[in-house]
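Here is the structure we will look at, set down as structure tokens.
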Protein chains: 2
Amino acid sequence: MGLDRFVNQAISEWMKGNGPESDIVISSRVRLARNLKNYPFPTLATDSQAISVVEEVRKALDQREMKNISHFELIQLEDMTELQKRVLVEKHLISPNLAQDSRKGAVVLSENESISIMVNEEDHLRIQCLYPGLQIYDAWKMASRIDDIFEAELDYAFDEKRGYLTSCPTNVGTGIRASVMVHLPALVISGQINRIISAITQVGLTVRGIYGEGSEALGNIFQISNQITLGQSEEDIIENLYGVVKQIIDHEKQARSLLLRDSRIQIEDRVGRAYGTLLHAKIIDSKEAMGRLSDVRLGIDLKMIDSISPNIFNELMVLIQPGFLQHYAGEMTPFERDIKRAEIIRRKLTQHSN
Amino acid sequence: MGLDRFVNQAISEWMKGNGPESDIVISSRVRLARNLKNYPFPTLATDSQAISVVEEVRKALDQREMKNISHFELIQLEDMTELQKRVLVEKHLISPNLAQDSRKGAVVLSENESISIMVNEEDHLRIQCLYPGLQIYDAWKMASRIDDIFEAELDYAFDEKRGYLTSCPTNVGTGIRASVMVHLPALVISGQINRIISAITQVGLTVRGIYGEGSEALGNIFQISNQITLGQSEEDIIENLYGVVKQIIDHEKQARSLLLRDSRIQIEDRVGRAYGTLLHAKIIDSKEAMGRLSDVRLGIDLKMIDSISPNIFNELMVLIQPGFLQHYAGEMTPFERDIKRAEIIRRKLTQHSN
């Protein structure tokens with residue numbers, strides 16, 4: 001079975017591709033929440049009902065149209081160790097919720113990990129498509145395509161007036177959550193980020209850290225996603241998000257230009273110190289590491305460092321998370337992890353420098 | 001004239017030599033305060049009296065015995081720019097006092113700069129001998145030798161009961177100040193330094209920063225010197241200082257061993273971060289630079305870094321001081337100095353790495 005493949009590589013295949021605006025936009029994601037008419041929501045379902053849901057999904061996967069998209073692997077959460085689950089969370093392939101709370105949960109993963117379908121999370125189905133860079137339309141098209149294929153086989157809980165029914169009322173309607181992960185160091189450094197975030201939230205979008213709700217914006221990375229799922233069409237939701245992200249990209253680019261114009265040496269200093277620290281530190285926690293990696297990534301984008309590939313940043317971002325570190329190097333105390341993390345960063349930065 | 005030579009090199013020739021205990025003791029210095037009987041102390045002397053004192057010294061230098069020691073250069077302070085004076089202060093060849101306040105002051109320097117005789121500072125004569133490492137006896141022997149040669153030519157102010165008379169009563173008697181400059185990073189890191197300092201002061205010694213009285217202990221460097229000049233023989237003073245310094249060296253060595261035993265990785269981390277920062281920072285003030293250099297020097301001493309020579313530490317310590325930087329690179333704002341300092345450190349560390 002393919003689980004090993006998914007947990008052994010820190011960076012998903014799809015992430016190695018380059019998308020538009022990839023100096024600022026790390027990835028685009030669309031997730032559709034769907035439920036099956038004839039079963040209670042996962043929190044209320046019995047074990048046997050939950051098992052039946054998984055079997056229904058397995059059947060839906062068997063359709064030729066699905067096979068045309070990719071080979072898919074269905075993995076039951078109960079077949080995974082805690083550590084394997086944690087790694088999938090750190091790779092954004094499953095939610096913390098599915099890893100911790102689901103009974104009879106499962107995940108369906110495509111070959112290159114750009115498609116992940118969670119089964120028996122909060123909803124029966126959470127169809128998620130991930131693309132590198134700003135490709136939110138493509139992510140949505142792919143999610144819709146899978147949704148259509150599934151709908152042909154499965155009986156969705158759908159109400160003419162309310163749309164797709166979901167376990168949590170905030171998802172009712174389109175059941176869509178579209179989000180874009182952006183790296184905004186210049187807006188943070190120049191102190192504009194709070195103003196930007198408050199503007200974003202006023203147009204019906206939310207801003208979170210990289211590991212979802214309540215998580216901190218480590219490494220100056222922000223997830224921007226739609227708040228509203230009811231009363232707007234999917235097209236409107238995607239278009240609104242796309243438009244706002246385009247504006248944020250412009251703001252970040254402008255902030256970077258201003259930093260280069262007015263504070264070039266200070267930015268070079270910040271980037272240099274981050275790079276020197278990552279190359280030579282022997283103990284580093286994940287928060288500091290994310291911050292330093294963000295600085296180095298900015299340095300790469302601003303052509304201050306040309307000896308490392310930008311991809312190393314995306315890879316290290318996952319590689320240095322506690323779960324991945326332990327999967328990679330065995331059970332460790334937090335202090336041992338900080339040592340291992342520093343070692344991995346040193347090794348990767350030295351390997352990948354041209 | 002030879003002034004250029006003295007201000008162009010950050011590191012005096014004598015400093016390039018290696019003395020005993022040079023992993024902890026940077027240098028040993030003996031200074032004798034002497035005055036001429038027939039002249040008022042410098043603060044009270046007229047210009048013409050001060051000029052006469054300089055001429056008397058010039059005659060004393062002409063003796064064959066002096067020429068056997070070294071070629072000497074007598075330089076009048078009024079022939080120096082402010083910047084040149086500042087450089088000599090930073091090299092410890094003249095005191096801040098001579099640089100700022102002296103009327104008709106002068107300094108006599110030997111070829112390798114290990115001997116410096118200030119004229120018309122607080123006293124008519126301040127004979128100073130500097131040696132690398134722990135060579136306080138040798139420094140004293142050389143100072144006495146010069147003192148004897150001078151005494152043959154000059155009429156010293158000497159009182160049978162009180163000894164050598166000096167401008168400030170704290171120097172009366174032997175007129176000797178012996179001091180040793182030590183690098184004590186492990187005692188600072190392990191939090192023992194305050195206890196050590198208070199113990200030192202209880203045996204009649206004083207502890208200061210590297211630029212004399214009231215100066216901060218930048219870079220974990222401390223000057224330990226005798227407090228008392230009256231009622232003890234020169235031999236006792238030197239012996240007492242030597243004995244105490246030997247004990248401090250033992251304490252520092254023990255603290256280093258303990259750090260290696262109990263906190264090796266933390267020290268490696270500290271050293272690595274300092275090294276990475278010095279190699280990559282673009283802006284650095286002298287206080288931070290001294291601290292980072294101290295960490296790197298500790299790393300060299302503990303064999304954690306083998307790619308740079310310990311001498312680079314002594315050289316950079318002077319090179320990065322404000323005066324030397326400006327002498328080297330022209331008038332600058334403090335901010336420009338911080339940039340230039342970072343540049344020089346990067347260059348030197350890259351040049352000197354094996």
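Chain letters run A, B, ... following the sequence lines, proteins first and then strands; every chain starts at 1.
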- Residue by residue, which of residues 262-274 of chain A have a heavy atom closer than 4.5 Å to a heavy atom belonging to chain B? A:I265, A:Q266, A:E268, A:D269, A:G272, A:R273
- With sequence neighbours excluded, what pairs up with A:P132 under the side-chain contact (heavy atoms from CB on, under 4.5 Å) test? A:W14, A:Q135
- Of all of B:T277, B:I283, B:I339, which one pairs up most often with chain A through heavy atoms under 4.5 Å apart? B:I283
- Mind checking whether B:H280 and A:H280 have parallel, tilted or perpendicular rings, split at 30° and 60°? tilted
- Item | Which atoms of A:L279 approach chain B - backbone, side chain, both or neither, heavy atom under 4.5 Å | side chain
- Turns out that what part of A:I284 lies under 4.5 Å from chain B's heavy atoms comes down to both
- Item | Qualifying residues under salt bridge (Lys or Arg N to Asp or Glu O under 4.0 Å), relative to B:E343, sequence neighbours excluded | B:K340, B:R347
- Message: Checking A:R346 now: which residues fulfil salt bridge (Lys or Arg N to Asp or Glu O under 4.0 Å) with it, not counting sequence neighbours?
- Response: none
